[in-house]
Amino acid sequence: MWRNGRFVRLWSGQTVSEFGSQVTQLALPLTAITVLNATPQQIGYINAALYAPVIVLVLVVGVLARAERCLPLMMVSNAARVVLLGTLGLLGLLGLLSIGQMVVIALLIGSAAVVFDVCYQTIVPEIVARAQLVDANSKLQSTYSAARASGPALGGLLIQWLSAPAALLVDALSFAVSVGSLLGLRRRPVREVRREASPGRRLVLDMVSGLRFMLGEPHLRALAVQAALWNFFIASIQAVFVYYAATDLRLSPAEIGLATGSGAIGSFAVSLFARGLGERFGVGPTIVVAVLCACFAPVMLPLASGAKPVVVLLLAMSFLLSGMGTTLSNIQAVSLRQALSGPDMLSRVNASHRFLAGGALPLGAVVGGSLGAALGARESLLLSSALLATASLSILATPVRRLRKAPAEPWQPRHR
């Protein structure tokens with residue numbers, strides 16, 4: 001993998017932008033809280049706007065994001081995020097920001113993220129060999145985990161030293177670096193993607209074909225449903241957690257960043273051994289154990305109490321276990337999705353998965369914010385985390401738990 005220059009360039013650019021993105025995960029709600037005195041419900045609306053484009057755009061992007069179009073779409077989406085995050089930070093620093101502006105800009109940032117994420121997962125099989133997919137995804141996930149480990153802590157320090165809007169400007173610069181790294185990927189992919197003989201199919205039929213493919217394959221369907229349940233409840237938790245930590249627990253931005261970021265240390269460690277774990281215990285059992293770990297860990301968040309160091313430690317343990325489970329399941333699930341989907345179908349299957357799984361995010365954010373306003377932040381966290389743990393048990397009833405290894409050839413649906 002280190003000798004694959006195109007992959008290394010993609011990986012290095014993503015490393016920088018992932019660190020910036022983790023800063024934004026903390027800076028966005030803290031900007032709303034510190035600059036605008038936002039309520040949990042308003043934070044829920046901002047988070048919902050960030051996730052809502054998945055419902056509207058992702059299936060269309062899945063059809064348009066063929067391998068040869070992915071690179072320019074990725075560069076445009078990251079360039080757009082440079083402008084949007086820079087605008088958001090400047091408005092905050094100048095005292096001209098409003099909740100309405102944050103919702104609109106979050107909506108546009110989310111739209112750019114949808115385009116990039118679908119293309120990102122689609123272009124990886126065009127850069128590396130099929131046998132290297134788990135290795136490549138492990139390396140990419142290790143970067144994400146490392147960013148989650150130190151990004152929030154860095155963001156907390158930046159917010160504490162400078163301000164939350166200034167931290168958003170740092171994220172804008174990180175996306176500019178990512179655009180520069182993508183410029184070096186202009187060469188053609190290492191292997192050609194074969195197309196069907198009739199490219200004139202209508203847009204709607206192409207979107208439906210991706211959904212039918214994903215829902216027709218039992219493993220892909222089970223993973224998408226489980227991801228939707230996870231996203232719904234984790235979005236409801238995220239809608240109130242920063243507010244809860246900042247107001248109820250009275251943690252500083254640096255302490256919040258330390259608690260959330262330290263959890264990804266385990267994620268980084270797991271990403272290094274993901275391939276070996278899947279080979280030794282089987283892809284399916286590895287996914288099941290990882291999902292259960294990720295879904296039960298958030299129950300610790302509303303139960304954390306005592307002296308401030310103890311609270312920070314308990315929060316960090318929750319994020320640690322959740323991050324380990326999420327990272328391990330994501331590596332195996334993404335690699336399985338890439339293996340089961342043929343080259344011509346992959347972008348549509350990726351988009352269909354994000355449509356079903358990502359479509360739950362804005363709904364969960366709105367529900368979480370509303371629960372926080374109605375019941376209180378801690379009570380909302382307790383309810384959402386308990387439901388997440390219960391919902392995770394559904395993975396045990398799916399064929400995923402019996403899958404030993406990824407298939408050698410893409411899945412072919414049976415035509416009637």
Can you measure from [atom1] ([X]) to [atom2] ([Y]) and round to the nearest 0.5 angstrom?
X      : Y      : atom1 : atom2 : value
Gln238 : Leu50  : CD    : CG    : 9.5 Å
Ile256 : Leu249 : CD1   : CG    : 8.5 Å
Ile237 : Leu383 : CD1   : CG    : 9.5 Å
Leu340 : Leu336 : CG    : CG    : 4.5 Å
Leu223 : Asn330 : CG    : CG    : 10.0 Å
Met75  : Ser178 : CE    : OG    : 10.5 Å

Cation over ring face, Arg404 and Phe281, 6.0 Å, 45°:
no
Steps toward side-chain hydrogen bond (donor to acceptor under 3.5 Å, both in side chains) verdict (Glu379, Tyr244):
CA-CA 10 Å; Glu379 290 75 13; Tyr244 170 70; over 6 Å; no
Closest heavy-atom contact between [X] and [Y]?
X      : Y      : value
Leu388 : Leu229 : CD1-O, 4.3 Å
Asn231 : Ala357 : ND2-O, 2.9 Å
Ser341 : Val349 : OG-CG1, 3.4 Å
Trp230 : Cys295 : CE3-SG, 3.8 Å
Val312 : Leu251 : CG2-CD2, 4.1 Å
Ser318 : Pro298 : OG-CA, 3.5 Å

Picking from Pro29, Pro40, Ser380, what satisfies side-chain contact (heavy atoms from CB on, under 4.5 Å) with Tyr243?
Pro40
So [Y] and [X], do their side chains get closer than 4.5 Å, heavy atoms only?
X      : Y      : answer
Met300 : Leu315 : no
Leu220 : Phe213 : yes
Leu393 : Phe296 : yes
Ile43  : Thr39  : no
Leu88  : Leu169 : no
Tyr45  : Met102 : no

Can you tell me if Lys405 has over 12 outside heavy atoms packed within less than 6.0 Å of its NZ?
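Result for NZ/Lys405: open.
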Please answer whether the main-chain N or O of [Y] pairs with a side-chain N or O of [X] as donor and acceptor at a distance below 3.5 Å.
X      : Y      : answer
Arg401 : Leu396 : yes
Thr398 : Ile395 : yes
Gln332 : Ser329 : no
Arg250 : Ala245 : no
Thr327 : Met324 : no
Arg378 : Pro302 : yes
Ser174 : Asp171 : yes
Ser236 : Ala365 : no
Asn78  : Val179 : no
Ser394 : Ala391 : yes

Just checking Phe319 against Phe241, ring centres under 6.0 Å apart?
yes
Any chance you could lay out the side-chain contact (heavy atoms from CB on, under 4.5 Å) test for Ser385 and Phe233, step after step, and finish with the verdict?
CA-CA 7 Å; Ser385 60; Phe233 291 114; over 6 Å; no
Before you tell me yes or no, could you show the steps for Met214 and Leu356 under side-chain contact (heavy atoms from CB on, under 4.5 Å), namely the whole-Å CA-CA distance, both residues' side-chain angles and the distance that decides it to 0.1 Å?
CA-CA 10 Å; Met214 184 194 71; Leu356 182 59; 4.1 Å; yes
Steps toward side-chain contact (heavy atoms from CB on, under 4.5 Å) verdict (Val115, Val76):
CA-CA 9 Å; Val115 175; Val76 170; over 6 Å; no
Checking Leu403 against Ile287 for the side-chain contact (heavy atoms from CB on, under 4.5 Å) test, could you report, in this order, the C-alpha distance in whole Å, the side-chain angles of both residues, the deciding distance, and whether it holds?
CA-CA 10 Å; Leu403 185 66; Ile287 291 175; over 6 Å; no
